[in-house]
Amino acid sequence: MPVLRKPPTPRLRVARAFRFSRRMHVPFDPAAGLDEVLRSAAVTAGLPDADGFRPEVRTADPRHGDFQANGVLGHAKARKLNPRAVAEQLIAALPAGIRDSFDVAIAGPGFINFTLRSSALQAWLGAYSDAAALRAGAAGLGREHAGRTWVVDYSGPNTAKQMHVGHLRSAVIGEAICRLLQFTGARVIRDNHLGDWGTQFGKLIYGYKRWADPKALAEDAIEELERLYRLGNDATPEGSPELDEARRELVKLQQGDPENVALWRKFSEVSLAAFQQIYDRLGIRFDHHLGESFYNDKVERVYRELSEAGIAEDSAGALVVFHDDHPRFSRHAERPNPFMVRKADGASGYASTDLATALYRSEHFGADGIVIVTDFRQSDHFEQLFLTVRRWFAAKGHRLPALHHVSFGAVTGEDGKALKTRSGGTIKLKALLDEAEERALAIVTEKNPGIPEAERLEIARIVGIGAVQYADLSQNRSSNYVFSWDKMLSLEGNTAPYLLYAVARIHSIFRKAGVSPGDAAALAAADAPVEPTEIALARKLVKFPDAVRQAVDGLRPHYLGLYLFELAGDYSSFNNAEKVLVDDPAVRARRLLLCARTLLVLETGLGLLGLRTLTRM
RNA sequence: GCGGUGGUAGCUCAGGUGGAUAGAGCAACGGUUUUCUAAACCGUCGGUCCCGGGUUCGAGUCCCGGCCACCGCGCCA
């Protein structure tokens with residue numbers, strides 16, 4: 001950050017800029033009161049069945065206005081009234097104050113359009129002037145998050161293995177969801193549900209005890225553990241005495257044999273250290289790493305309670321749950337697909353630890369909501385899990401949190417098939433992030449060779465990692481996504497570099513002006529937006545709450561990404577059409593204010609998606 | 001077989017509880033810089049919203065039937 005020279009500023013003007021916010025509360029979402037106002041107007045106007053009138057206020061296409069009420073059409077048609085006439089009556093009954101904020105018009109067959117007046121835009125810009133104000137405004141946005149506890153379960157790699165490209169989406173989407181929930185006022189607990197227990201440890205211990213190489217372990221522990229697992233796996237074919245030996249190692253581990261437990265602990269520790277290196281690059285820090293092993297001693301209670309409640313039953317020696325009121329999970333289904341709580345050999349599995357995990361999160365964390373971020377192939381499993389949890393918790397009087405499976409599609413190569421290295425191997429996440437930074441560095445160096453190398457490296461880190469994160473977050477998580485270096489690192493289109501570039505350009509203006517973007521005094525002389533691109537930009541800025549609400553309600557970060565892309569586009573148009581640092585102090589302050597708020601919203605929004613931003617690129 | 005997800009411009013994708021003339025980006029073509037980062041901006045071209053019915057003032061969106069792709073479906077996680 002360059003040292004900013006602060007010019008002398010006339011103090012008298014400070015109060016003027018915030019005259020709107022001082023006088024009245026400016027709602028964070030400008031549409032907040034419209035629904036209520038329209039429903040009262042329906043009563044005042046004596047509309048037939050006014051109590052049943054639903055205004056259906058929503059964000060409008062900017063060509064029509066900022067918000068529109070669609071409800072008049074349906075209400076009028078159902079009662080054989082003329083929609084336009086009804087709209088006229090409604091508008092006439094609106095309180096006078098509404099026109100201080102909005103221009104109101106009837107359009108088309110009976111839509112009521114509300115367009116924010118320039119003064120109302122200015123009031124919002126005055127009221128939401130820093131990150132704290134945005135955060136305060138956002139608390140309670142969306143449905144029922146404020147003050148509630150949400151456990152978010154994401155990433156969840158298997159220990160003793162490297163993270164690969166398949167682990168990317170859960171980590172990136174999960175972190176964005178955490179930040180969005182927090183921003184809207186929730187208390188978020190980040191829980192990394194590690195795959196740290198299971199039959200693979202028998203084979204790994206078998207391999208470790210025979211072939212472990214201390215030097216390789218010191219250099220790259222995970223790499224070595226993967227090698228030892230492969231050796232162990234190859235040495236223990238089905239039916240061999242070696243496999244029996246590996247199984248004995250597993251039993252010893254499960255029975256608490258000190259040597260094997262110590263080994264297993266070591267595997268977990270080195271794995272976690274390696275994972276954290278990835279998480280650091282992605283800006284992720286978990287509150288807990290409660291993996292499958294943690295629930296080892298908690299599954300007995302699950303068996304007991306489910307059996308007592310008559311929910312689980314014996315089937316071919318296994319303990320299973322059917323949901324007969326559900327066509328697919330009923331015992332009467334053509335191909336019955338029970339939820340396997342305990343296997344016939346008595347071992348616990350995925351289902352039982354997940355059930356124990358749900359109970360722990362409810363009892364220990366007091367979770368009001370649980371979000372589990374895994375790929376779409378596990379949808380059936382989680383549907384069964386949630387069905388089972390609901391019946392179980394109801395029967396036993398456990399407190400039931402809201403349960404969400406946040407699923408996502410596969411990452412594919414440009415050929416539409418699973419992403420692989422050129423030789424057909426799995427792409428390691430570390431290698432992928434390295435390549436992102438290398439590619440970003442090459443681009444920065446080409447575009448801006450004048451920047452010192454240390455700074456170029458930092459820029460490459462932010463742009464490269466951000467590109468990978470944003471490529472994922474900019475798209476609806478439900479669909480598969482095509483991994484393309486060229487697209488994600490392009491400066492054109494809905495990409496991280498495009499957004500980060502807009503941020504960098506705004507910083508550049510403030511550097512040139514010798515003013516800090518947070519310098520309220522410097523922006524005090526600003527009056528309301530005038531030029532078309534100024535107004536368009538301001539109108540987009542006040543839609544930030546709408547974007548956050550959409551993203552958090554749907555647990556779909558791409559709504560926020562899309563908004564930020566459009567905001568950056570409106571900013572670029574403004575930036576291209578109007579010069580900011582003009583001589584006229586009023587115009588200059590007006591445009592600097594727009595720059596400052598665009599910067600604030602872009603930086604806040606990108607931060608919510610888990611991206612870091614920069615001041616120069 | 002049952003189920004999930006998807007099918008929207010040449011390509012990659014948005015489209016809220018049904019709402020106005022279905023939108024972006026890329027690609028293609030043309031234009032904009034003595035001016036705060038041209039890594040930008042502006043414009044043009046581009047549509048059987050997979051197909052067929054239905055519901056209604058109004059359907060890309062809801063319902064029914066079908067087609068295609070990927071995926072899941074008892075002891076892996």
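What you are looking at is a predicted structure, and each value in this text was computed from that prediction instead of being measured. In what follows, chains are A, B, ... by sequence order, proteins preceding strands, each numbered from 1.
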Which salt bridge (charged side-chain N to carboxylate O under 4.0 Å, His left out) pairs, counting each pair once, include a residue from residues 161-171 of chain A, with sequence neighbours left out?
Arg169(A)-Asp472(A)
G-U wobble or Watson-Crick pairing nucleotide for rU55(B) (cut-off 3.5 Å, both distances)
none
Please report, rounded to the nearest Å, how far the P atom of rC13(B) is from the CZ atom of Arg477(A).
17 Å
To the nearest Å, how far apart are Tyr563(A) OH and rG16(B) P?
19 Å
What I want to check is whether the side chains of Asp196(A) and Ser293(A) have a donor and an acceptor closer together than 3.5 Å.
yes
What pairs of nitrogen or oxygen atoms, one from the protein and one from nucleotides 44-47 of chain B, lie under 3.5 Å apart?
none

Ser573(A) side-chain N/O to rC42(B) phosphate OP1/OP2 under 4.0 Å
yes
Nearest-angstrom distance, C1' atom, rA39(B) to rU33(B)
15 Å
OP1 or OP2 of rG15(B) versus the side-chain N and O atoms of Tyr559(A): is any pair under 4.0 Å?
yes
Rounded to the nearest 0.5 Å, how far apart are CG of Asp29(A) and NZ of Lys543(A)?
10.0 Å
Using whole Å, report how far NE2 of His75(A) lies from P of rC57(B).
15 Å
Atom pairs, N/O to N/O, protein against nucleotides 32-36 of chain B, distance under 3.5 Å?
| residue | atom | partner | partner atom | Å |
| --- | --- | --- | --- | --- |
| rU35(B) | O2' | Lys579(A) | NZ | 2.9 |
| rC36(B) | O2 | Leu581(A) | N | 3.2 |
| rC36(B) | N3 | Val580(A) | N | 2.9 |
| rC36(B) | N4 | Asn575(A) | O | 2.9 |
| rC36(B) | N4 | Glu578(A) | O | 2.7 |

Can you find a side chain N or O atom of Ser572(A) that sits less than 4.0 Å from OP1 or OP2 on rA38(B)?
no
Paired with rG72(B) by Watson-Crick or G-U wobble geometry, both distances under 3.5 Å: which nucleotide is it?
rC2(B)
For Thr374(A) and His405(A), which I'm curious about, is there any donor-acceptor pair between the side chains at under 3.5 Å?
yes
Taking only residues at least two apart or on different chains, which pairs with a member in residues 69-85 of chain A satisfy side chain to side chain donor-acceptor pair (under 3.5 Å)?
Asp49(A)-Arg79(A), Gln68(A)-Asn70(A), His75(A)-Arg79(A)
Interatomic distance where CH2 belongs to Trp485(A) and C1' belongs to rU12(B) [whole Å]:
17 Å
Grab the CD-P distance between Gln475(A) and rU5(B) for me, whole Å please.
17 Å
Gln384(A) pairs by side-chain contact (heavy atoms from CB on, under 4.5 Å) with which of Asn337(A), Val321(A), Val389(A), Asp354(A)?
Asn337(A)
Using Watson-Crick or G-U wobble geometry with both distances under 3.5 Å, which nucleotide pairs with rC29(B)?
rG43(B)
May I ask you to verify whether the side chain of Asp546(A) and the base of rG16(B) hold a donor-acceptor pair under 3.5 Å?
yes
Once base and sugar-phosphate atoms are separated, protein heavy atoms under 4.0 Å mark nucleotides 17-26 of chain B, 5' to 3', with B, S and - as B-BB--SSSS
Classify the ring geometry of Phe386(A) against Phe382(A): parallel below 30°, tilted from 30° to 60°, perpendicular beyond 60°.
tilted
Let's see if you get this right: which residues in residues 455-467 of chain A place a heavy atom under 4.0 Å from RNA chain B?
none
Please tell me whether Tyr498(A) and Tyr501(A) form a close aromatic pair, meaning their ring centres lie under 6.0 Å apart.
no
Measure CG/Leu473(A) against C1'/rA14(B) and give the value in whole Å, please.
15 Å
Roughly how many Å apart are rA14(B) and rG7(B), using the P atom of each and rounding to a whole number?
8 Å
Ring pair (Phe, Tyr, Trp, His ring centres under 6.0 Å) filter on Tyr229(A), not counting sequence neighbours, yields none
Rounding to 0.5 Å, atoms CG (Asn113(A)) and CG (Asp103(A)) come to a distance of 11.0 Å
Starting at atom CZ of Arg556(A), determine the distance to atom C1' of rU5(B), rounded to an integer number of angstrom.
11 Å
What verdict does the side chain to side chain contact (heavy atoms under 4.5 Å, CB included) test give for Leu473(A) and His558(A), after you've listed the backbone C-alpha separation in whole Å, the side-chain angles of each residue and the deciding distance to 0.1 Å?
CA-CA 5 Å; Leu473(A) 293 169; His558(A) 81 284; over 6 Å; no
Starting at CZ of Arg84(A) and ending at P of rG58(B), how long is that distance when rounded to a whole Å?
19 Å
When you compare rA24(B) with rG15(B), how far apart are their P atoms, in angstrom units rounded to a whole number?
15 Å
ring-ring contact (aromatic ring centres under 6.0 Å, His included) contacts touching residues 325-354 of chain A (sequence neighbours left out):
His326(A)-Phe329(A), Phe339(A)-His381(A), Tyr350(A)-His381(A)
Name the nucleic acid region contacted by Asn476(A), choosing base, sugar-phosphate or nothing; use a 4.0 angstrom heavy-atom cut-off, strictly under.
sugar-phosphate
Between rC49(B) and rU61(B) - P atom distance, rounded Å
10 Å
What is the nucleic acid contact for Thr59(A), judged by heavy atoms within less than 4.0 Å: base, sugar-phosphate only, or nothing?
base
Can you tell me which residue pairs pass the salt bridge (charged side-chain N to carboxylate O under 4.0 Å, His left out) test with a partner in residues 321-330 of chain A, sequence neighbours excluded?
Asp324(A)-Arg331(A), Arg328(A)-Asp380(A), Arg328(A)-Glu383(A)
In chain order, what residues pass the side chain to side chain donor-acceptor pair (under 3.5 Å) check against Glu300(A), with sequence neighbours excluded?
none
Contact letters for nucleotides 70-77 of chain B, in which S counts primed atoms plus P, OP1 and OP2 and B counts the base, heavy atoms under 4.0 Å
-SSBBB-B
What integer number of Å spans the C1' atoms of rU21(B) and rA59(B)?
16 Å
Does rA38(B) have a Watson-Crick or wobble partner in any strand here, with both distances under 3.5 angstrom, and which is it?
none
Under a 3.5 Å threshold, yes or no: a donor from one side chain and an acceptor from the other, between Thr388(A) and His323(A)?
yes
Expressed in whole Å, how much space separates the P atoms belonging to rG47(B) and rU55(B)?
31 Å
rU8(B) versus rA22(B) - spacing of their C1' atoms, nearest Å:
8 Å
Pairwise P distance, rG31(B) and rC71(B) [rounded to whole Å]
47 Å
Side chains of His167(A) and Gln162(A): donor-acceptor distance under 3.5 Å anywhere?
no
Which residues share a side chain to side chain contact (heavy atoms under 4.5 Å, CB included) with Ala547(A), sequence neighbours left out:
Leu560(A), Tyr563(A)
Is a side-chain donor-acceptor pair under 3.5 Å present for Asn476(A) with Arg556(A)?
yes
